[in-house]
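Each remark here refers to the structure printed beneath this line.
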Amino acid sequence: MPTLKIDDKEITVEPGASVLQAALANGIEIPHYCWHPALSVAGSCRLCLVEIEGSPKLQLSCATEARDGMIVRTQTESVKDARKSMLEFFLINHPLDCPICDKAGECLLQDYTWKYGTSHSRMVEDKRERPTKDLGGNILLYRNRCVLCSRCVRFYQEVVGDPYLFIEHRGYHSDISIFPGKGLTHKMTGNIVEICPVGCLIDKDFLFHARVWNLQRSKSVCPGCSSGCTIYLEHKDRRVFRIRNRENPAIGQQWICDDGRYLYHRYENLNRPESPWTRQAGELKPQTWEQAMIYAVEALQKNPGRLAAIGSAFASCEENYLMRKIFRQILGCEYLSFYAPAIEEADTVYRSGFTIRGDKSPNRKGAGLLLGDQTDFYQAIESGRITRLFLINGDPLLHLTLEQKRILAKLQELWVLDIQSPEWDSVAAHFWPIACFTETQGTFVNAVGQVQRFQRALQPPQGVRPGWEVLLDLLARLAPGAGMLSAADVLDALAMEEPAWRSISYFKLGDQGLPIESR
Ligand code: SF4
Ligand code: SF4
Ligand code: FES
């Protein structure tokens, strides 16, 4: 493996790595725009210039392979001078509109100008003004801010495999443009906003909604499909403002799709009761959690042979495990299964291998491993095998058909734990409001068997509790001494019982998760 010196620091790198990669991997910053780890090398922005001993001119660190014995300097006067000149060049026509730019606070033009540029401009000529273009979908192109790094163009060519954008004209007139007849309604489009190093590509969904430095970040997992992409929920004032990609090398994931990026809107404006309710003389009467629990503990212990428990591919592993523990181990219930939506479309695989799954549930694999095969519980209700049902959902898009409602109405008693109640108002006997994925924590198992942890970002609304906490409360009342107090304890108990989860804990899962042990 080649060993080189960068700024007197001895560095050994993988063969084939560039000088820029070697520096970045070892904490040495070299400013760059056009280079991106997931894209080909363009060598166009000229910002990553460094001095290499023996070379008469400055070299592009992104396009120069790190070689054994190389001596590289990133802080000499000529390097600093070249950076200053390039930054001055990028700002010739830039409107310097940081105060109203969404990218401010995370913009590489702002950061590099501050660190490596000059504090004043020598330009006295008028700036060129280009109107903002609407590229379709959620994307606006603030053309005056572009540094022509071509990341967005290469993203479509190399990651998606379908060119949507190109650089129109040449030289001073160069401009990002979209191929005629194409609007940016593509499912991968939001990624170009993330990789644009400046405030040129802007997402209408976030435009002028918040300043990025006011947002808090929580690590989560997208529940939009069984790919289980790792994400950041960015939030403030008990509201999610945007979802960003959180790269996970363990599953080779570098992007997220737009279904996942904007999915937080599904959880806004839901009809969420602020306490459990029960049906009395045909009316839905609010209850305290204590009243709901006292009644359930007594009622659930009656006639367990006809009682069934249905977990969910939208519930965490912890919740599905607690469902199994309560209903199979404590109450001796025979019928256990889980809800998952029908798979109605094929997987979409892009050129880079990034996959949007046809399975639109985040935890089908985890629910299946814990609760057995998915069975048709509607049929079991019709046949009289099930007369009472305890069900957890969590899918904000669940829609019960009239036929399903007709069958559920046959039950003597139906408990539902869900994030919203309208679908259940006409059929449930008891409704317990639980937190949605942004308000709780837990783990999902994705389609390739990676167990990944999602963390709580928001407080649930008043009166709403995380599903695992509600189930743990129920378990503690039915079988005191279970010894679990937190979601982490539940995962530990699961790992003790289930060989596939052996050696998995919140601590060991870290940010990237761990593969489930195949049986
Ligand atoms: S729009 Fe952004 S990503 Fe595309 S070339 Fe311009 S600066 Fe680069
Ligand atoms: S591919 Fe699936 S998991 Fe990934 S961001 Fe899209 S919807 Fe979410
Ligand atoms: S990062 Fe090297 S030329 Fe742009």
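The first residue in the sequence is number 1, and the count goes up from there. We use all heavy atoms of the structure for the numbers below, so side chains are in, but hydrogens, waters and symmetry mates are not.
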Open item on the list: Can you see whether Asp347 engages Thr355 through a side-chain donor-acceptor pair at a distance of less than 3.5 angstrom?
Closed with: no

Task: Nearest-0.5 Å distance that lies between atom CD1 in Ile167 and atom SG in Cys152 - done: 7.0 Å

- [ ] Check whether any side-chain N or O of Glu129 sits under 3.5 Å from a backbone N or O of Lys127 as a donor-acceptor pair, and report yes or no.
- [x] no

TODO: Classify the angle between the aromatic ring planes of Tyr156 and His186 as parallel (below 30°), tilted (30 to 60°) or perpendicular (above 60°).
DONE: perpendicular

Open item on the list: Applying the side chain to side chain donor-acceptor pair (under 3.5 Å) criterion to Gln452, which one of Asn363, Asn248, Asp511 satisfies it?
Closed with: Asn248

Open item on the list: Is it the case that the side chains of Asn446 and Arg357 hold a donor-acceptor pair, with the cut-off being a distance below 3.5 Å and no angle test?
Closed with: no

TODO: May I ask you to decide whether Asp102 forms a salt bridge with Arg211, counting only side-chain N to carboxylate O separations under 4.0 Å?
DONE: no

TODO: Please round to the nearest 0.5 Å and tell me the distance separating atom OH of Tyr350 and atom CD1 of Ile356.
DONE: 4.0 Å

TODO: Run through Leu263, Ile256, Leu233 and flag the one making a side-chain contact (heavy atoms from CB on, under 4.5 Å) with Cys222.
DONE: Leu263

TODO: Step through the shown structure and confirm whether more than 12 heavy atoms of other residues, nucleotides or ligands are within 6.0 Å of CZ on Phe507.
DONE: no

Open item on the list: Between Glu51 and Ser78, is there a side-chain donor-acceptor contact under 3.5 Å, judged purely by atom types and distance?
Closed with: yes

Open item on the list: Just by distance, no angles: are the side chains of Gln253 and Thr230 close enough, under 3.5 Å, to form a donor-acceptor pair?
Closed with: yes

TODO: Using the ring of Phe206 (Phe, Tyr or Trp, six-membered ring only), decide whether Arg242 places NZ or CZ under 6.0 Å from its centre and within 45 degrees of its axis.
DONE: yes

Task: Asp175 and Ser177: side chain donor to acceptor below 3.5 Å - done: no

Open item on the list: Can you tell me if Trp114 has over 12 outside heavy atoms packed within less than 6.0 Å of its CH2?
Closed with: no

Open item on the list: Can you confirm whether the side chains of Ser316 and Thr443 place a donor and an acceptor under 3.5 Å from each other?
Closed with: no

- [ ] For Arg83 and Pro31, indicate whether the former's side chain and the latter's backbone hold a donor-acceptor pair under 3.5 Å.
- [x] no

Task: Pro197: which of Lys103, His32, Arg151, Glu106 passes side-chain contact (heavy atoms from CB on, under 4.5 Å) - done: Arg151

Open item on the list: For a quick test of reading the model, state the closest non-hydrogen atom pair linking Met70 to Glu65 and the distance between them.
Closed with: CE-O, 3.2 Å

Open item on the list: For Gln512, is there any backbone N or O sitting under 3.5 Å from a side-chain donor or acceptor partner on Gln450?
Closed with: yes

Task: Presence of salt bridge, Asp205 and Arg261, under 4.0 angstrom - done: no

TODO: Test Glu158 against Ser352 for side-chain hydrogen bond (donor to acceptor under 3.5 Å, both in side chains), laying out the working first.
DONE: CA-CA 7 Å; Glu158 296 165 17; Ser352 66; over 6 Å; no

- [ ] Would you tell me whether Tyr262 and Asp203 have side-chain atoms, one donor and one acceptor, within less than 3.5 Å of each other?
- [x] yes

Open item on the list: Using ring-ring contact (aromatic ring centres under 6.0 Å, His included), reason through Tyr264 and Phe241 one step at a time and then give a plain yes or no.
Closed with: CA-CA 8 Å; Tyr264 66 95; Phe241 279 81; 8.4 Å; no

- [ ] Can you label the angle between the Phe166 ring and the Phe179 ring as parallel, tilted or perpendicular, going by 30° and 60°?
- [x] parallel

Open item on the list: For a quick check under 3.5 Å, do Ser18 and Gln21 share a side-chain donor-acceptor pair by atom type?
Closed with: yes

Task: Test item: Arg246 side-chain N/O and Ile231 main-chain N/O as donor-acceptor pair under 3.5 Å - done: yes

TODO: Scan side-chain atoms only and decide if Tyr267 and Glu439 contain a donor-acceptor pair under the 3.5 Å cut-off.
DONE: no

